[in-house]
Student: 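The structure's right below; bear with me while I get my questions together.
Both ligands and their constituent atoms are indexed starting at 1 by order of listing.
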Amino acid sequence: MRTVLTYGTYDLIHYGHINLLKRAKGLGDFLIVALSSDEFNLLKHKEAYHKFEERKLILESIRYVDLVIPEENWDQKIEDVKKFKVDVFVMGDDWEGKFDFLKDFCEVIYLPRTPDISTSKIKTDLKK
Ligand code: C2G
């Protein structure tokens with residue numbers, strides 16, 4: 001079984017997120033999403049509209065997602081890769097190169113972001 005792992009806030013889920021999750025699942029058999037906690041979002045200078053439990057409920061309902069775990073800090077990735085015997089670590093290419101240290105433990109793949117959509121764009125557009 002090939003296990004895939006990815007991280008994110010996944011607030012106000014949109015088709016860019018779904019495209020990422022769909023492609024990530026296509027790289028293996030079991031997709032784990034490490035979902036940023038509300039506290040970690042503060043460290044990322046992000047304020048999610050939905051709280052962690054709500055974002056987790058939504059993610060768990062997506063057919064491509066097999067397990068949701070909490071992301072609580074920047075430093076848990078190696079431990080997560082080992083703990084869940086991850087074969088492939090995947091992120092959108094806005095993170096290109098940032099997690100190459102994981103190449104010692106698993107495959108690292110950066111997938112092209114979906115253009116013209118983001119949670120912040122949604123928030124901005126709704127204010128118009
Ligand atoms: N994404 C994408 N296309 C978009 C928007 C997002 O492919 N139009 C991808 C991002 O590249 C990321 C995932 O969807 O891989 C989740 O995006 P965010 O929730 O914005 O995640 P982020 O805040 O970048 O968290 O430790 C890593 C961080 O937790 C990543």
Side-chain angles (χ1 to χ4, degrees):
M1 181 174 89
R2 269 169 70 83
T3 300
V4 183
L5 174 63
T6 190
Y7 291 72
T9 296
Y10 287 96
D11 189 34
L12 300 182
I13 289 275
H14 52 69
Y15 61 90
H17 293 136
I18 299 301
N19 283 340
L20 190 287
L21 295 170
K22 183 175 184 176
R23 286 174 293 166
K25 181 59 179 285
L27 293 168
D29 314 288
F30 192 88
L31 175 60
I32 303 170
V33 180
L35 182 63
S36 308
S37 67
D38 298 325
E39 297 74 16
F40 182 52
N41 275 330
L42 292 177
L43 295 182
K44 295 199 302 186
H45 308 297
K46 276 194 162 184
E47 190 182 351
Y49 177 81
H50 291 304
K51 294 288 169 246
F52 176 81
E53 285 306 322
E54 296 155 349
R55 291 183 282 118
K56 182 170 183 285
L57 176 70
I58 293 168
L59 266 186
E60 287 171 337
S61 71
I62 295 171
R63 70 176 68 177
Y64 307 116
V65 177
D66 296 291
L67 175 67
V68 178
I69 63 173
E71 178 186 30
E72 290 161 319
N73 58 67
W74 289 112
D75 307 313
Q76 68 183 75
K77 292 185 174 68
I78 292 175
E79 180 192 333
D80 288 345
V81 168
K82 289 179 180 174
K83 180 179 174 183
F84 292 97
K85 299 180 175 52
V86 171
D87 300 287
V88 189
F89 169 87
V90 179
M91 289 301 292
D93 63 4
D94 46 317
W95 293 93
E96 182 83 37
K98 297 289 190 307
F99 303 115
D100 286 357
F101 62 88
L102 289 170
K103 286 181 177 175
D104 294 338
F105 306 95
C106 63
E107 264 183 82
V108 174
I109 296 178
Y110 301 100
L111 296 171
R113 270 177 76 92
T114 302
D116 309 323
I117 183 71
S118 67
T119 302
S120 42
K121 183 179 187 313
I122 291 169
K123 289 177 179 175
T124 305
D125 289 355
L126 286 174
K127 284 180 186 147
K128 286 175 184 164

Student: Please check whether Lys77 reaches ligand 1 - meaning an N/O of the residue sits under 3.5 Å from an N/O of the ligand, judged on distance alone.
Tutor: yes
Student: Quick one: does Ile117 get an N or O within less than 3.5 Å of an N or O on ligand 1?
Tutor: yes
Student: More than 12 heavy atoms of other residues, nucleotides or ligands under 6.0 Å from NZ of Lys44: is that the case?
Tutor: yes
Student: Using modelled atom types and a 3.5 Å cut-off, is there a donor and acceptor pairing between side-chain atoms of Asp66 and backbone atoms of Ile32?
Tutor: no
Student: For atom 7 (O) of ligand 1, find the nearest protein heavy atom and state the residue, atom name and distance (0.1 Å precision).
Tutor: Arg113 CA, 3.6 Å
Student: Compute both the distance and the angle, then confirm whether Lys123 meets the cation-pi test with Tyr49: under 6.0 Å from the six-membered ring centre, within 45 degrees of the axis.
Tutor: no
Student: Answer side chain, backbone, both or neither: which part of Asp94 comes under 4.0 Å from ligand 1, heavy atoms only.
Tutor: side chain
Student: Could you work out, for atom 9 (C) of ligand 1, the closest of Leu20, Thr119, Leu35, Asn19 by heavy-atom distance?
Tutor: Leu20
Student: Looking at Asp38, Val68, Val33, which hits side-chain contact (heavy atoms from CB on, under 4.5 Å) with Arg55?
Tutor: Asp38
Student: I'd like to check whether Met91 has a polar contact with ligand 1, where a contact means an N/O of the residue lying under 3.5 Å from an N/O of the ligand.
Tutor: no
Student: Does Ser36 have a heavy atom less than 4.0 Å from any atom of ligand 1?
Tutor: yes
Student: Name all residues meeting the side chain to side chain donor-acceptor pair (under 3.5 Å) criterion together with Glu96; count only those two or more places apart in sequence or in a different chain, and write none if there are none.
Tutor: none
Student: Is there any N or O on Lys44 that sits under 3.5 Å from an N or O of ligand 1?
Tutor: yes
Student: Any nitrogen or oxygen of Asp11, side chain or backbone, less than 3.5 Å from one on ligand 1?
Tutor: no
Student: Quick one, Lys25 with Ile62, criterion side chain to side chain contact (heavy atoms under 4.5 Å, CB included). Give me CA distance, side-chain angles, the key distance, then yes/no.
Tutor: CA-CA 11 Å; Lys25 181 59 179 285; Ile62 295 171; over 6 Å; no
Student: How far is atom 13 (C) of ligand 1 from its nearest protein heavy atom, and which residue and atom name does that atom have?
Tutor: Tyr10 OH, 3.6 Å
Student: Got more than 12 heavy atoms from elsewhere within 6.0 Å of CG, Asp104?
Tutor: yes
